[in-house]
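This report refers to the structure that appears directly beneath it.
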Amino acid sequence: MAHELHAADPSRLSNIGEIDWAALRQARIDLAACFRMAARLGLEEGICNHFSALVPGRDDLFLVNPYGLAFAEVTASSLLVCDFHGNVIDGDGRPEATAFYIHARLHKLVPRARAAFHTHMPYSTALSMVEGQPLVWAGQTALKFYGRTAVDDAYNGLALDEAEGDRIAATLGDADIVFLRNHGVMVCGPTIAEAWDDLYYLERAAEVQVKALSTGRRLTAVPAEIARRTYEQMREGDAESARLHLESVKRRLMREEPGFAA
């Protein structure tokens with residue numbers, strides 16, 4: 001099923017129920033910071049990738065970038081508020097069609113995924129293109145994702161209806177990261193900060209793995225018992241570490257390109 005995407009209608013703002021506007025403003029700033037730092041790190045591809053997050057306190061509205069802006073151009077105020085029916089509730093422009101069909105369905109079907117980041121970042125995408133499981137548990141950074149990844153093997157071209165979002169949501173299950181075969185990755189988290197932290201470290205883990213494989217020598221995997229224990233050690237303080245990571249990103253951006261928060 002395909003929804004027609006509708007531009008913002010000011011009259012809808014009076015019919016959407018309660019919104020914590022201060023919390024929404026902070027979510028806009030946090031998400032915009034993720035876009036800007038992702039651009040600096042080369043994690044985006046043109047204007048084709050998208051980050052989204054549920055509006056604080058709501059399970060039926062989400063923030064997403066408008067079609068046509070590069071990550072480096074996104075500001076807090078440029079982000080759109082959309083519902084799950086294709087309506088832009090607040091903001092100028094429309095979401096890119098595949099962004100809507102993937103993110104609306106994912107947020108609707110997996111409400112624990114309050115933030116969902118989709119990129120074609122190069123090293124993680126490279127691992128989505130090779131045979132077998134994308135990550136080998138051979139590097140410490142990769143162990144952050146031990147037991148947290150899934151693979152969607154059913155590449156069917158562009159997501160121009162709800163089927164792909166439904167499939168990704170079903171594939172996600174209890175995982176937080178989905179490698180989309182021949183396509184890219186989807187990183188989900190309970191907060192914007194945790195999704196950002198995972199996105200960043202996933203690409204770092206993938207980069208190290210690709211470089212290690214390029215030597216032509218066999219990778220030395222960490223034994224499963226140690227991999228599991230290391231993952232559990234990392235998870236103990238992960239939410240706070242993610243929060244501090246995003247705070248450091250925002251401090252840097254406020255010094256160097258404060259317009260992101262406008």
> Can Glu256 and Arg251 be counted as an ion pair, charged N to O under 4.0 angstrom?
Replying inline: no
> Looking at CG of Leu61 and CG of Leu80, how far apart are the two atoms once the value is rounded to the nearest 0.5 Å?
Replying inline: 12.5 Å
> Would you say the ring centroid of Trp137 lies under 6.0 angstrom from that of Tyr146?
Replying inline: yes
> If you count the non-hydrogen atoms of other residues, nucleotides and ligands that lie under 6.0 Å from CD in Gln133, is the total more than 12?
Replying inline: no
>> Any carboxylate oxygen within less than 4.0 angstrom of a Lys/Arg side-chain nitrogen, looking at Asp59 and Lys108?
In response: no
> How about Glu225: does its CD atom have over 12 heavy atoms from other parts shown lying under 6.0 Å from it?
Replying inline: no
> Got more than 12 heavy atoms from elsewhere within 6.0 Å of CD, Glu247?
Replying inline: yes
>> Is a donor from one side chain sitting under 3.5 angstrom from an acceptor on the other, for His50 and Asn65?
In response: no
> Between Phe51 and Phe35, what is the ring plane arrangement, given parallel below 30°, perpendicular above 60°, and tilted in between?
Replying inline: parallel
> Have His183 and Thr125 got a donor and an acceptor in their side chains that come within less than 3.5 Å?
Replying inline: no
> Rounded to the nearest 0.5 Å, how far apart are CG of Leu54 and CZ of Arg112?
Replying inline: 12.5 Å
> Is it true that Lys144 and Asp176 have a side-chain N and a carboxylate O under 4.0 angstrom from each other?
Replying inline: no
>> To the nearest 0.5 Å, what is the distance between CZ on Arg58 and CD on Glu18?
In response: 8.5 Å
>> According to a hydrophobic-cluster definition based on side-chain heavy atoms being under 4.5 Å apart (Ile, Leu, Val, Met, Phe, Trp, Tyr only), do Val208 and Leu143 belong together?
In response: no
>> Please confirm whether the ring centroid of Phe145 lies under 6.0 Å from the ring centroid of Tyr201.
In response: no
> With the 4.5 Å side-chain cut-off for hydrophobic clustering, are Leu41 and Leu246 part of the same group?
Replying inline: yes
> Would Asp152 and Arg167 pass as an ion pair if we require N to O under 4.0 Å?
Replying inline: yes
> Hey, what do you get for CD (Gln26) to NZ (Lys250), rounding to the nearest 0.5 Å?
Replying inline: 4.5 Å
> In Å and rounded to the nearest 0.5 Å, what is the OG1 to CZ distance from Thr191 to Arg243?
Replying inline: 10.5 Å
> In a check of side-chain contact (heavy atoms from CB on, under 4.5 Å) between Phe71 and each of Glu44, Glu45, Arg40, which one passes?
Replying inline: Glu44
>> One pair to check against side-chain contact (heavy atoms from CB on, under 4.5 Å): Met37 and Trp196. What are the steps and the verdict?
In response: CA-CA 10 Å; Met37 189 53 68; Trp196 164 255; 3.5 Å; yes
> From His118 NE2 over to Cys48 SG, what is the distance, rounded to the nearest 0.5 angstrom?
Replying inline: 9.0 Å
> Crowded around Tyr67 OH? As in, over 12 foreign heavy atoms under 6.0 Å?
Replying inline: no
> Donor-acceptor pair, Arg36 side chain versus Ala72 backbone, under 3.5 Å?
Replying inline: yes
> In the single-linkage hydrophobic clustering (I, L, V, M, F, W, Y; side-chain heavy atoms under 4.5 Å), do Val185 and Val136 co-cluster?
Replying inline: no
> Are Arg229 and Glu232 ion-paired here, with the side-chain N under 4.0 Å from a carboxylate O?
Replying inline: no
